[in-house]
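To start, the structure under review is shown below, and the notes come after it.
Computed from a predicted model, the values in this text were never measured in an experiment. Atoms considered below: every heavy atom in the structure, side chains included; atoms not considered: hydrogens, waters and symmetry mates. We name chains A, B, ... by the order of the sequence lines, and we start the count at 1 in each one.
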Amino acid sequence: MLLAMRSEVENAFECVCSQLDLHMSDFGLEEPPEEVEAILASNIAYRVQKEMGKPPSEVAGKIVKLLDLENFQYVDRVYAEGPYINFVPSAKYFKETLEGAQEENYGQFQKRGETVIVEHTSANPTGPVHVGRARNPIIGDSISRILSFAGYQVERQYYVNDSGKQVATLIWAFEKFNERDMGDLKKDRGDYDIVRYYQLSNVYLENSSIEDKNIAELEISDILGKIESGDEEIYQKLVSITEMVLGGMKECLYRISVEFDEFIRETKFIQDGSVDEMVDRLKQLDSAFQEDGAWKLGIPGEEKPLVFLRSDGTSLYTTRDLCYHEWKLERADKIVTILGEDHKFQAEQLTKTLSLLGAETSRIRQVFYSWVNLPEGGMSTRKGTGINLDDLLDESVKRARGEVTAREGSRIREMELKKSDIDRISRQIGIGAIRCGIVATQPGKGITFDWDDALSFERQGAPYMQYVHARCCGILAKQKSDIQGVDSTLLNSKEELDLLHEISRLPFVVSSAAEALEPHRIITYAQKLAEKFNIFYRECPVLKGTDSELMAARLSLVTATKNAMSNSLYLVGIESPDSM
RNA sequence: GGACACGUGGCCUAGCCAGGAUAGGGCGAGAGGUUCCUAACCUCUAGAUCGCGGGUUCAAAUCCCGCCGUGUCCGCCA
């Protein structure tokens, strides 16, 4: 509804500007401060004071006179306050917001017939997901949900790095070592099983004599060559090992509600000939050259050339990624990739090379995040220095359970919590806190891991928002009969109107979060919504001490809040508990 | 050395891209609030030269330049 109001106001400004012979496209629309009655404001007066030759407050007054209220459906009143032009929403604005938000899919946009491939996580299939990179699935999944809600046709892809040195090392380790060489299995799952081989092989490569090390490296590069030439036996081994790891990762990610539509293997592009074809095409480019037996490509604006073919004739990560990107560009209108900031350079080389190959790189967007590091440094699967996401989740659910049980006896509740409720609530809160904690912070900011920070159930964190949903459900569960003929004008207190206004912002927030690929905007919104609801809840009894008409109107408001909240939480992958 | 990102009360964070009303929250600290729909709530108080220095502008946390601090990258690794 805010979107509709904005476009009404924009149209009106266009009209006024043409009357005044002003040419501008930005009318300085902004959100006024809390205590102002208006919900939309313009600082256009500042922008045109020179052209008008008058002080801003005078300009504002003049523009207000020229704005034609007749055409406004959603604006009740326009007034100048100093240099600002403020717009107060109409009864119709609130009425339609309330009606629209009765729908469970409130805030969702119509399909717009545009497809987007979101690639995220794509961690090397060498071991369990650790916390260092946990921002990737959480940001990627949230962006996927938001884009989908905003009307795009979204496909979520995991690009499996099943070629290249670390997988060759893994296959080598599997032949070299036996189960009895391995330490204890921390968790009976494929990713935990395999990672032991990977870590042991790295210990071996670091600590062996030079001769042993050289032999091992020759054996590994032999395996790499076989992967590259499409050797069937090696490929079968590769698939079975990586499937074991991926199976474990999927299970882990499923715990935080992250799922994929497709897993795309790097080897796919080797086997279908795309890589060979890519190498040939790159060689044809003007800036391609051969040096020390390897093929390189000079890239405009880059100091270092891109090496796209090793001197032994095997391809490199970026070469294969180029094939994957071209394949994605064929299949979707837009592609979004979530990457760690350590991949920035590679991503830039990739994009520029694609552009040299004639691709429309404006359809590509990349979102970078910085790693979650330990106080003593980065987490590494290879070195085994990471904190596994599973452990973080287990600990979070455990601490959430502590919070749930601590509150159990100390409060008035009509129904006792069953064991299954405690399990459910602990899980919803524990997992929600992790997702919220990660998505609430801008991806670019660095995070140093700290158990207490990661696991705090702070006010205005996930439980605060989840609690609002539970409160709404609690009220609605007590509702006796269906409500009909709601009169939205009965909702006229400041608390009610503030809440309704907040609800009306959801579609605007969804579209801007989708446009900017910034899921944390949803969290910021949901916090505000929760705050407004809690104030309403305090001041406005819904079921008690109100006549039936007011009760009906307030019940609608509660339903609207519930829908806006559960959709907001859904968009960042947090569950909405019916009770807490 | 070069490139990129980040720097907002003791701690964490929003706002920055599209400059505009008193820099918005939270944690922690202090004071209050529940015979009433779940107090994981609400209200109030204290606490900020928005890293530093210049510049542009009627107006800068926001844009530009320089500097400082932190992180990342600059591989025939991924």
Side-chain angles (χ1 to χ4, degrees), chain A residues 25-26 28-30 32-36 41-43 45-47 49-50 55-56 81-84 86 122-124 126 161 163-167 266 291-296 302-304 307-312 314 316-318 320-321 340-346 348 368-371 373 378 403-404 406-407 410-415 429 437 440-446 448 453 456-468 470-479 516 520-521 523-524 527-528 530-531 533-535 537-545 554 558 579-580:
Chain A
S25 52
D26 182 355
L29 294 189
E30 59 183 48
E34 291 266 323
E35 59 282 1
V36 175
S42 165
N43 58 43
Y46 282 117
R47 292 160 193 272
Q49 56 175 313
K50 264 196 192 141
E81 189 168 321
Y84 296 94
N86 288 341
S122 304
N124 287 333
T126 49
N161 285 280
S163 150
K165 255 180 190 158
Q166 73 271 320
V167 174
E266 246 190 307
E291 193 176 62
D292 303 328
W295 275 90
K296 307 185 182 184
E302 297 289 340
E303 249 179 72
K304 305 261 177 153
V307 180
F308 63 89
L309 193 67
R310 290 191 184 96
S311 47
D312 67 2
T314 55
L316 289 97
Y317 176 79
T318 304
R320 302 185 292 267
D321 206 11
E341 63 177 351
D342 52 325
H343 277 65
K344 256 186 194 172
F345 178 69
Q346 187 267 335
E348 209 170 300
F368 295 97
Y369 65 95
S370 64
W371 287 47
N373 287 321
E403 297 282 333
V404 174
R407 286 171 167 84
S410 67
R411 40 201 289 236
I412 323 134
R413 82 161 54 241
E414 291 176 9
M415 283 197 298
I429 291 173
T441 307
Q442 285 188 17
K445 291 205 179 191
T448 300
D453 285 348
S456 73
F457 300 103
E458 278 191 354
R459 220 174 135 224
Q460 303 247 329
Y464 178 74
M465 300 179 268
Q466 290 173 314
Y467 186 53
V468 164
R471 275 184 153 174
C472 289
C473 290
I475 293 170
L476 294 172
K478 293 190 178 121
Q479 170 188 342
H520 74 272
R521 295 189 190 202
I523 297 278
T524 308
Q527 285 173 343
K528 199 86 184 159
E531 188 187 317
F533 177 79
N534 281 326
I535 295 169
Y537 182 87
R538 192 76 192 158
E539 299 299 324
C540 306
V542 177
L543 298 167
K544 299 186 176 171
R554 286 183 172 170
V558 172
S579 66
M580 273 171 75

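Within 4.0 Å of A:Cys472, counting heavy atoms only, lies no atom of the nucleic acid at all. Contacts of A:Ala41 with the nucleic acid, taken as non-hydrogen atoms under 4.0 Å apart, include base atoms. Contact annotation for A:Glu35: base contact, defined as any heavy-atom pair under 4.0 Å involving a base atom. No engagement by A:Glu302 is indicated, since no non-hydrogen atom pair under 4.0 Å with the nucleic acid exists. Within 4.0 Å of A:Gly446, counting heavy atoms only, lies no atom of the nucleic acid at all.
Across B:G28 and B:A40, the matching P atoms stand 15 Å from one another, rounded to whole Å. Rounded to whole Å, the separation between the P atoms of B:U62 and B:A23 comes to 14 Å. Only the P atoms considered, B:C67 is 10 Å distant from B:A3, to the nearest whole Å. Spacing between B:G9 and B:A48 at atom P, rounded to whole Å, works out to 10 Å. Taking atom C1' in both B:G1 and B:C64, the straight-line distance is 25 Å, to the nearest Å. Nucleotides B:C4 and B:C63, compared at atom P, are 15 Å apart to the nearest Å. To the nearest whole angstrom, the two P atoms, one in B:G54 and one in B:A61, are 14 Å apart. Rounded to a whole angstrom, the distance from the C1' atom of B:G53 to that of B:C68 is 10 Å.
Nearest approach of A:Gly446 to A:Ser370, heavy atoms of both residues: CA-OG, 3.1 Å. When all heavy atoms of A:Pro83 and A:Ala45 are compared, the closest pair comes out as O-CB, 3.4 Å. Of all the heavy atoms in A:Glu341 and A:Phe368, the pair that sits closest is CA-CD2, 4.2 Å. In terms of heavy-atom proximity, A:Val307 sits nearest to A:Ala294 at CG1-CB, 4.4 Å.
The shortest distance between the side-chain N/O atoms of A:Arg521 and the OP1/OP2 oxygens of B:G15 is not below 4.0 Å. Put simply, A:Tyr464 has no side-chain N or O that comes within less than 4.0 Å of OP1 or OP2 on B:A39. Dashed line: the shortest gap from a side-chain N or O of A:Arg459 to OP1 or OP2 of B:C41 is under 4.0 Å. Close to B:C41, at under 4.0 Å from its OP1 or OP2, lies no side-chain N or O of A:Arg538. Taking side-chain N and O atoms only, A:Lys528 has no distance below 4.0 Å to OP1 or OP2 of B:G24.
Sequence order on RNA chain B of the closest nucleotides to A:Glu34 and A:Glu539 puts A:Glu34 first from the 5' end.
No side-chain heavy atom of A:Ile475 sits under 4.5 Å from any side-chain heavy atom of A:Arg554. Between A:Tyr464 and A:Glu531, the closest side-chain pair of non-hydrogen atoms falls below 4.5 Å.
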Dump the intermediate steps for side-chain contact (heavy atoms from CB on, under 4.5 Å) on A:Asn161 and A:Val167, then the final yes or no.
-> CA-CA 8 Å; A:Asn161 285 280; A:Val167 174; 5.6 Å; no

Worked verdict on A:Asp26 versus A:Arg47 for side-chain contact (heavy atoms from CB on, under 4.5 Å) | CA-CA 9 Å; A:Asp26 182 355; A:Arg47 292 160 193 272; 3.6 Å; yes

I would like to know whether A:Ile523 and A:Met465 meet side-chain contact (heavy atoms from CB on, under 4.5 Å); could you show each step before the answer?
-> CA-CA 9 Å; A:Ile523 297 278; A:Met465 300 179 268; 4.3 Å; yes

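Taking atom OH of A:Tyr369 as the reference point, atom P of B:C6 lies 17 Å away to the nearest angstrom. The separation between A:Gln466 atom CD and B:A39 atom P is 17 Å, rounded to whole Å. Rounded to a whole Å, the CZ atom of A:Phe533 is 13 Å from the C1' atom of B:C42. One can place CD of A:Gln527 at 17 Å from P of B:C12, the figure rounded to the nearest angstrom. Distance, A:His520 NE2 to B:G26 P: 18 Å, rounded to whole Å. Atoms CD (A:Glu458) and P (B:G28) sit 8 Å apart, rounded to a whole Å. Between A:Gln442 atom CD and B:A5 atom C1' there is a gap of 11 Å when expressed in whole angstrom units. The nearest whole Å value for the distance from the CD atom in A:Glu348 to the C1' atom in B:A5 is 13 Å.
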Pull out every protein N or O sitting under 3.5 Å from an N or O of nucleotides 57-63 of chain B, one pair per line with the distance.
| unit_1 | atom_1 | unit_2 | atom_2 | d |
| --- | --- | --- | --- | --- |
| B:C58 | N3 | A:Gln49 | NE2 | 3.2 |

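Note on ring orientation: taking the six-membered ring where Trp is involved, the planes of A:Phe308 and A:Trp295 are tilted (angle from 30° to 60°).
Comparing B:C37, B:U22, B:C42 against the side chain of A:Asn534 picks out B:C42 as the nearest. With B:A40, B:A21, B:C37 as the choices, the nucleotide that has an atom nearest any side-chain atom of A:Pro463 turns out to be B:A40. In this structure, the nucleotide among B:A21, B:G26, B:A40 sitting nearest to the side chain of A:Arg407 is B:A40. Counting only heavy atoms from C-beta on, A:Tyr537 has its side chain closest to B:C37 among B:G25, B:C37, B:U13.
Across all strands shown, B:U43 forms a Watson-Crick or G-U wobble pair with B:A31, both key distances being under 3.5 Å. Across all strands shown, B:A60 has no partner, as no Watson-Crick or G-U wobble contact with both distances under 3.5 Å is found. The partner of B:A3 is B:U72, by the rule that a Watson-Crick or G-U pair needs both atom distances under 3.5 Å. B:A23 is unpaired under the Watson-Crick or G-U wobble criterion, no partner having all donor-acceptor distances under 3.5 Å. In a base pair of the Watson-Crick type (N1 to N3 plus N6-O4 or O6-N4) or a G-U wobble (N1-O2 and O6-N3), with each distance short of 3.5 Å, B:U49 is matched with no nucleotide. Summarising the base pairing, B:C16 is matched to no nucleotide, lacking a Watson-Crick or G-U wobble pair whose two defining distances lie under 3.5 Å.
For the 3.5 Å distance criterion, the side chains of A:Asn534 and A:Arg471 qualify, holding a donor opposite an acceptor. With no hydrogens or angles considered, a side-chain donor-acceptor pair links A:Glu30 and A:Asn43 at under 3.5 Å.
Remark: A:Arg407 engages A:Glu403 in a salt bridge, criterion side-chain N to carboxylate O under 4.0 Å.
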Summary of protein contacts for nucleotides 71-78 of chain B, nucleotide by nucleotide, where a base hit scores B, a sugar-phosphate-only hit scores S (4.0 Å, heavy atoms) | SSSSSBSB

